[in-house]
Amino acid sequence: MTAPIFVALDTTDLGQAEGWAKAVAPHLAGVKVGLEFFYAHGAAGAQKVAAHTPLFLDLKLHDIPNTVAGGLRAVLAHLQPRYINIHAGGGPAMVSAAAEAVAAASPNTRLLAVTVLTSLDDADLAAVGQQGPAAEQVLRLARMAKANGANGVVCSPAEVGMLRREIGPGFDLVVPGIRPAGAASQDQKRVMTPADAMAAGATALVIGRPITAAADPGEAARQIAESLAR
Ligand code: C5P
């Protein structure tokens, strides 16, 4: 059994990304590639990484419904990731167009919505005309995303317990901002350990540097997986 963790491959180096994917594959659920990697290497690069382990394609699409659906169909013609995501802020019609496109193009792919970026605080929300506090906006957007066919959301450690209580089971909560006990938090402000995040109701976790910056990423992945098995 692998641990429900996707390793963030935040690099533009294809060889490095493949090496990390190979090293963690025996221990963890998969890897996450985002805009940095995808703009550098496209679907062909993502396919190379996905040959080793399942993929979370973190592309955060946000456009009119027709364009988002078309973009998803185009990418899912080449890749069948475990997760792909959009911005919930695109609205109900965009979320439901995305959900339909994913279900038709890649039935085993789960569609996640991004609610409020964790880089935004209440003052930033006010600056873009969104009603805070951030936690309420997160819940509002998560409920809307679920009602329109999304399979889950990406959320911070600060929100995972609240969302699981409010939304119930069967809706994936995928949580970055995770640090093993004793690890440096780097630029993450509010962090949780893998075990605490799972206990709070996370479905899967996203962990980057504690694994990719380790001297032996495979061993770091193995230890984190073991900390969840206890
Ligand atoms: O290295 P680290 O574990 O901090 O990496 C976390 C990953 O999760 C990065 O790819 C980051 O962009 C992503 N992420 C995050 N916080 C969010 C959303 C995504 O850290 N709110």
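In this text the structure is predicted, and so the values were computed from the model without any measurement. In listed order, ligands and their atoms are each counted from 1.
The salt bridge (Lys or Arg N to Asp or Glu O under 4.0 Å) contacts involving residues 54-72 comprise Lys32-Asp58, Asp58-Lys60, where partners must be two or more places apart or lie in separate chains.
The pair Glu18-Lys22 does not meet the salt-bridge criterion, since no charged nitrogen lies less than 4.0 angstrom from a carboxylate oxygen.
For ligand 1, the protein residues placed under 4.0 Å by at least one non-hydrogen atom are Ala8, Asp10, Lys32, Thr118, Pro176, Arg179, Gln188, Val206, Ile207, Gly208, Arg209, Pro210.
Remark: the backbone N or O of Ala17 is not paired with any side-chain donor or acceptor of Thr11 at under 3.5 angstrom. Between the Thr109 side chain and the Pro81 main chain, a donor and an acceptor come within less than 3.5 Å of each other.
Interatomic distance, CD1 of Ile5 versus CG of Leu205, reported as 5.0 Å (0.5 Å rounding).
Side-chain N/O atoms of Tyr83 and Asp172 include a donor and acceptor closer than 3.5 Å.
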